[in-house]
**Student:** 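Pasting a structure below so you can have a look.
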Amino acid sequence: MKIYNLIVHKIWNPYLDTFNGLSKEVWWLALITLVNRAGTMVIPFLSIYLTEELHFSFKDVGSILSAFGLGSVVGSWLGGKLTDKIGYYKIMVFSLLTSGFMFIGLQYLNTLTSICIGIFLLMVVADMFRPAMFVALSAYSKPENKTRSVTLIRLAINLGFSAGPAIGGLIITTISYGGLFWINGISCILASLLLVRVLHPKKTTVQDQITVRNPISVYKDFPFLIFFVAMVLFGVIFLQYFSTMPIYYRREHALSEFEIGLLMGFNGFFIFLFEMPLIAWLDKTKFKKATLILFGALLTASSFIILIMTNWVGILIVGMLLMTIGEMIAFPFSNAFALQRAKKGNQGEYMAMYSIAFSFSHIFGHNAGLRLVDGVGFNNTWLVMTGLGALCVLLLIFLNNYMKKTSDL
């Protein structure tokens, strides 16, 4: 009984308290995001589908993935522009509903040209959702709750990405790749219907109405442009954990697929348990958002340099822990920083630029990391990534000092 009371009163109740005060609209948005992210189960299996089912070469797959990244950039930019013109609700509904039908249709394309065009158009439509969702999140959150609201959305995304591949693998095994495309599309359509049901403007309460009479263009916001470049660099090093790092685990430390899966799964499980309490605590400190982003980037960069210091297999767990904590700090506060800056201008335009930073990272990060590993080996690649992380940290230090000097906080 004492142990039960200790767990409930000292651990569980304080954990639940970190979620208090978030609006019901934010909770609905998190659920819709969870359904949407779990529904993108086609993505992790896309390379396998293209090579084994359609028999494309690796070069062809590279071209298709480039179309994927370019579509993401265009979609994020277009989503931001249209959000400012016609509102976040219409864009979210259009993106979810249309991308659902496009996912279903993708299975019927079988030539390189048609798939490149199809993937590009699909990502244009699908990634229009992201800037619109961020603007909606800002509207549904009180100013003091924005960082925690972002964290809740991140929890939904992480749960979706964790469940999606597992469900997708089961569908492929028991049904087929065709079934995967159908269920993927249907889940997006269901998410759009849920959004219409619970987040129609007539049924929601706006918590933070922002009207800017003379908006500043994001392209003229010097601090935000510095922040944008820093986020591109952060995205490049962070994404190595999803492309080059699994190969490193396999080739340099001879881990099995199961062991690699456990190590990667540790990331999502740790985030699920500790991110909200950590962010709730950090949000109450006196640290500026840019300072906390800097700290997160520093921890992530450190996760690479320690790998070349020893061959001890346990260092992989230490590296994953450093990256995970760095990610837990950097992403929520960078998102909150972007939302804060967006109050000065067109919100959709700002949040589109924030999304585009990571779209650029996807375009260049995976390819650059794999080419570096092929050309100079793992250890030198980790040195390069540490260097990029250091450059990111220096840009954030400059950003902090510039904002203090100009009182642009």
**Student:** Find out whether Leu255 and Val313 are in side-chain contact, i.e. whether some heavy atom of one side chain is under 4.5 Å from a heavy atom of the other.
**Tutor:** yes
**Student:** Hey, is Asp127 close enough to Arg130 for a salt bridge, meaning N to O under 4.0 Å?
**Tutor:** yes
**Student:** Could you tell me which non-hydrogen atom of Met385 sits nearest to which non-hydrogen atom of Gly369, and how far apart they are?
**Tutor:** CE-CA, 4.2 Å
**Student:** Does any non-hydrogen side-chain atom of Leu372 lie less than 4.5 Å from one of Asn380?
**Tutor:** no
**Student:** Cut-off 3.5 Å, side chains only: do Ser149 and Ser141 have a donor facing an acceptor?
**Tutor:** yes
**Student:** Leu292 and Phe287: side chain to side chain contact (heavy atoms under 4.5 Å, CB included), yes or no, with the steps?
**Tutor:** CA-CA 7 Å; Leu292 291 167; Phe287 292 112; 3.8 Å; yes
**Student:** Counting only heavy atoms not in Phe101 (residues, nucleotides, ligands), do more than 12 fall under 6.0 Å from its CZ?
**Tutor:** no
**Student:** So, Asp221 and Arg341, do they make that salt bridge, N to O below 4.0 Å?
**Tutor:** yes
**Student:** What's the separation between atom CG in Leu97 and atom CG in Leu195, rounded to the nearest 0.5 Å?
**Tutor:** 10.5 Å
**Student:** Taking the side chain as every heavy atom from C-beta outward, state whether Leu193 and Arg197 have any pair of such atoms under 4.5 Å apart.
**Tutor:** no
**Student:** If you draw a 6.0 Å radius around CZ in Phe295, do more than 12 non-hydrogen atoms from other residues or ligands fall strictly inside?
**Tutor:** no
**Student:** Should Phe228 and Ile356 count as side-chain neighbours, where that means a heavy-atom distance under 4.5 Å?
**Tutor:** yes
**Student:** Should the heavy atoms of other residues, nucleotides or ligands under 6.0 Å from OH of Tyr219 be counted, would the total exceed 12?
**Tutor:** yes
**Student:** Can you list the steps and then say if Ser23 with Trp28 is a side chain to side chain contact (heavy atoms under 4.5 Å, CB included)?
**Tutor:** CA-CA 9 Å; Ser23 68; Trp28 280 122; over 6 Å; no
**Student:** Closest heavy-atom contact between Ala132 and Tyr88?
**Tutor:** O-CB, 3.3 Å
**Student:** Given side chain to side chain contact (heavy atoms under 4.5 Å, CB included), test Leu199 with Ile32 step by step and report yes or no.
**Tutor:** CA-CA 10 Å; Leu199 290 181; Ile32 291 163; 3.8 Å; yes
**Student:** Roughly how far, to the nearest 0.5 Å, is CG of Leu321 from CD1 of Ile306?
**Tutor:** 9.0 Å
**Student:** Does a side chain donor of either Thr300 or Ser303 reach within less than 3.5 Å of an acceptor in the other side chain?
**Tutor:** no
**Student:** Could you tell me whether Ile317 atom CD1 has more than 12 heavy atoms of other residues or ligands within 6.0 Å of it?
**Tutor:** no
**Student:** Could you tell me whether a side-chain N or O of Glu25 sits under 3.5 Å from a main-chain N or O of Tyr140, the two making a donor and an acceptor?
**Tutor:** no
**Student:** Between Phe94 and Phe129, does the ring centroid distance fall short of 6.0 Å?
**Tutor:** no
**Student:** For a 4.5 angstrom cut-off between non-hydrogen side-chain atoms, does Val373 reach Ile247?
**Tutor:** no
**Student:** Check for a donor-acceptor pair, side chain of Ser95 on one end and backbone N or O of Met92 on the other, with a separation under 3.5 Å.
**Tutor:** no
**Student:** Taking all non-hydrogen atoms of both residues, which atom of Lys289 and which atom of Phe337 are closest, and how far apart?
**Tutor:** CD-N, 3.8 Å
**Student:** Please tell me whether Phe234 and Phe358 form a close aromatic pair, meaning their ring centres lie under 6.0 Å apart.
**Tutor:** no
**Student:** With side chain to side chain contact (heavy atoms under 4.5 Å, CB included) as the test, would you mind laying out the steps for Tyr248 and Leu307 before giving the verdict?
**Tutor:** CA-CA 10 Å; Tyr248 174 73; Leu307 296 178; 4.1 Å; yes
**Student:** Find the distance between CG (Leu82) and CD1 (Ile91) and round it off to the nearest 0.5 Å.
**Tutor:** 4.5 Å
**Student:** Looking only at non-hydrogen atoms, find the nearest pair between Ser361 and Val232 and report the distance.
**Tutor:** OG-O, 2.9 Å
**Student:** Identify the two heavy atoms, one from Met328 and one from Ile279, that lie closest to each other, and give their separation to 0.1 Å.
**Tutor:** O-CD1, 3.2 Å
**Student:** Report yes if the side chains of Ile183 and Ile175 come closer than 4.5 Å at any heavy-atom pair, otherwise no.
**Tutor:** yes
**Student:** Parallel, tilted or perpendicular, judged at 30° and 60°: which one describes the rings of Trp382 and Phe304?
**Tutor:** tilted
**Student:** Return the minimal non-hydrogen interatomic distance between Ile271 and Thr324, and the atom names on each side.
**Tutor:** CG1-CG2, 3.7 Å
**Student:** At what distance, to the nearest 0.5 angstrom, does CD1 of Ile293 lie from CZ of Phe333?
**Tutor:** 9.0 Å
**Student:** Specify whether Phe398 and Phe222 have parallel, tilted or perpendicular ring planes, treating 30° as the upper limit for parallel and 60° as the lower limit for perpendicular.
**Tutor:** perpendicular
**Student:** Verify, without hydrogens or angle tests, whether Asp283 (side chain) and Arg148 (backbone) share a donor-acceptor contact under 3.5 angstrom.
**Tutor:** no
**Student:** Can you find a heavy atom in the side chain of Asn335 that is under 4.5 Å from one in the side chain of Met351?
**Tutor:** yes
**Student:** Ignoring hydrogens and angles, tell me if any N or O in the side chain of Gln240 forms a donor-acceptor pair with the backbone of Gly365 under 3.5 Å.
**Tutor:** yes
**Student:** Does the side chain of Leu54 come within less than 4.5 Å of Ile115's, by heavy atoms?
**Tutor:** yes
**Student:** How many angstroms lie between atom CD1 of Ile226 and atom CG of Leu399, to the nearest 0.5 angstrom?
**Tutor:** 7.5 Å
**Student:** When rounded to the nearest 0.5 angstrom, what distance separates NZ in Lys288 from NZ in Lys404?
**Tutor:** 8.5 Å
**Student:** Check whether the side chains of Ser334 and Tyr354 place a donor and an acceptor atom closer than 3.5 Å, and report yes or no.
**Tutor:** yes
